[in-house]
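These notes concern the structure reproduced below.
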Amino acid sequence: MTATVEHIESWVVDVPTIRPHKLSMTTMGCQTLVIVRITRSDGICGIGEATTIGGLSYGVESPEAIQSAITHYFTPLLKGQPAGNLNALTSRIRSAIKGNTFAKSAIETALLDAQGKALGLPVSALLGGALNTVLPVLWTLASGNTDNDIAEGQRLLDAGRHRAFKLKIGARELETDLRHTRAIVEALGDRASIRVDVNQAWDATSAAKGCRELAAMGVDLIEQPVSAEDNNALVRLSHRSDAAILADESVASHFDGYRLAQQGFSGAYALKIAKAGGPASVLKLAHVAQAAGIGLYGGTMLEGTVGTVASLHAWSTLPLQWGTEMFGPLLLKDDIVSFPLSFADGCVTLPQAPGLGVELDEEKLQFYARKRRE
Ligand code: MUC
Ligand code: MG
C-alpha cells in the first residue's frame, strides 16, 4: 500500500554559538533551528531543518513564522497525500504556497529523508548520485577582532581542520575592513585560501575600490559586495575584479540565477537549500549556473547538522569549483543529533546510511527546544 503523510511536528530550537559570530547586519550568540519531523503511514519518519540568521535581519522568514507556516499551511496540504512522490508533493506545495523557501526546504528535506529510508538509499542517490562523498569545507573567521581571528585561523590550520577561511566584513569603515583583511592574508594567506563576505554592505563606489584592493592583497573570492537589489553593479564588478565574485543574496532560485546570468554575470553562485526551497529544488539553480558557465559553491545559512547534511547530499552531486562552507555544526556549542558529522583534513564526510544518515537525539532536542505556546 502507498505510504501517506500522517503527521508533521516542528520545534524551534535555540543552541548557543561557541563565540559571538559577527556579520555586517547582526552578531549571533545563539542559532535558532526549526526542526521538522514527518511521520508516514508506514511508520517511517523523515527530518528536516529550516534555519535563518539573526531572526529577520538576514532573510525574510523568521523561525517563528516558519513554524507557524508549517503548522497552519504545509501540514493540512500534505496530510493524507502519497509520501513517496517528491515531484507531486512539491508541485502541490508550489501551487498553494508562495515564497516561504526556508519552510519548503525543511519539508522537502524531511520527505527526502523518509523516502531514502523507505528505499534504503542515501538522499544523494535520490538526487542522482554523489560525485564525491568527502567535500571541502571552509571556516568563517568572524570574532570581530583581528588578532583573535588570526589566532583562531592558525589553530585550525595547525589542527588541519580547514584550508580556507572566509572573513565577514562590511560592518566597519572600508579602510578598517581592508586593514583587517590584509593582516589576516599576511598571517595565514600562504597556508590557506582567504575569501571575504561583505553581505551587501558596500555601495557601488566603495565596492569598486574594495574589490580592487582585496584582489591586489591576495583575496581569492569576494562574496556579495553590493546590495542584492543592484545586479548591474554586481555584473560590472564580476567583469572588472581580478578576484572572483560570488553572488549570494542576489540569487535564491533558478529564476534569479537565470536573470543574473542573462545580465552578463561571470563568477560563482552560493547555492543554499533554504534560499531555493530544498536539496532537490536547489539543483535547478546549479544546473542553470552550469549552463551559463558560472561556478558553484555550497553555501550555508549556518544550519545545524540536519540542514548541513541535507545540503551536503545536494552538493555531493555537483562539481563545486569553490568547495563548501558547511561548517555550521562546528559553530554551535552542542548538537541535537546522535552522531555528529566528521570534519577533518579541510573536509567533511557525507554519511552513507539511508536517508540523510543522521538521527535526532530526542533528549537534546527537548532540552534546547522552546516550549510551545500555540
Ligand atoms: C552568508 O551570508 O554567507 C555563511 C557563513 C557565514 O559565516 O555566514 C553565512 C551567511
Ligand atoms: Mg554570504
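For ligands, and for the atoms within them, numbers begin at 1 and follow the listed sequence. These numbers come from a predicted model, not from an experiment.
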Check this for me: R191, atom CZ, are more than 12 non-hydrogen atoms of other residues, nucleotides or ligands nearer than 6.0 Å? yes
Under 4.5 Å between any side-chain heavy atoms of F165 and L156, yes or no? yes
Does the S238 side chain pair with the main chain of V235, one donor and one acceptor, at a distance under 3.5 Å? yes
K104 (side chain) donor-acceptor with I97 (main chain) under 3.5 angstrom: yes
Within a 6.0 Å radius of atom CD on E173, are there more than 12 heavy atoms belonging to other residues, nucleotides or ligands? no
Atoms of ligand 1 under 4.0 Å from any heavy atom of K272, numbered from 1 in the order shown, are 1 (C), 2 (O), 3 (O), 10 (C)
Identify whether NZ of Lys or CZ of Arg in R161 sits under 6.0 Å from the centre of the six-membered ring of W139 and within 45° of that ring's axis. yes
Backbone, side chain, both or neither: what part of Y297 comes under 4.0 angstrom of ligand 1, heavy atoms only? neither
Pairs of nitrogen or oxygen atoms closer than 3.5 Å, one from K168 and one from ligand 1: do any exist? yes
Hits for side-chain contact (heavy atoms from CB on, under 4.5 Å) against R40, two or more places apart or cross-chain, chain-then-number order -> A3, D42, I44, A83, A114, Q115, A118
Within the stated cut-off of 2.8 Å, is an N/O/S atom of D197 closer than that to the Mg ion (ligand 2)? yes
Who's the nearest protein heavy-atom neighbour of atom 7 (O) of ligand 1, and how far? H21 NE2, 2.8 Å
So, of the N/O/S atoms that D248 has, which is the nearest one to the Mg ion (ligand 2)? OD2
I'd like the name of whichever of Y58, F327, W139 reaches closest to atom 2 (O) of ligand 1 through any heavy atom. Y58
Which of the numbered atoms in ligand 1 are under 4.0 angstrom from any heavy atom belonging to T140? 5 (C), 6 (C), 7 (O)
Heteroatom distance test (D197, ligand 1): nitrogen or oxygen, under 3.5 angstrom: yes
Check ligand 1 against I53 and write out every atom of the ligand that is under 4.0 Å from a heavy-atom position of the residue. 9 (C), 10 (C)
Is any side-chain heavy atom of E49 less than 4.5 Å from a side-chain heavy atom of V36? no
Proximal atoms of ligand 1 relative to N199 (non-hydrogen, under 4.0 Å): 1 (C), 2 (O)
Could you see which bit of T300 sits under 4.0 Å from ligand 1, with heavy atoms only: side chain, backbone, both or neither? both
From the N, O or S atoms in E223, identify the one nearest to the Mg ion (ligand 2). OE2
Kindly say whether N148 contributes a backbone atom to a donor-acceptor pair with the side chain of N145 at under 3.5 angstrom? yes
Numbering the atoms of ligand 1 from 1, which are under 4.0 Å from a heavy atom of D248? 1 (C), 2 (O), 3 (O)
Residues, nucleotides or ligands: over 12 heavy atoms within 6.0 Å of Q262 CD: yes
Return yes when M301 approaches ligand 1 closer than 4.0 angstrom through a heavy atom, no otherwise. no
Only pairs under 3.5 Å count here: list side-chain donor-acceptor contacts from residues 281-298, not counting sequence neighbours, and write none if there are none.
{"from": "S281", "atom 1": "OG", "to": "E108", "atom 2": "OE1", "distance (Å)": "2.7"}
{"from": "H287", "atom 1": "ND1", "to": "L283", "atom 2": "O", "distance (Å)": "3.1"}
{"from": "Y297", "atom 1": "OH", "to": "E325", "atom 2": "OE1", "distance (Å)": "2.7"}

Which bit of Q224 gets closer than 4.0 Å to ligand 1, counting heavy atoms only: side chain, backbone, both or neither? neither
Looking at E223, which atoms of ligand 1 are within less than 4.0 Å of one of its heavy atoms? 3 (O)
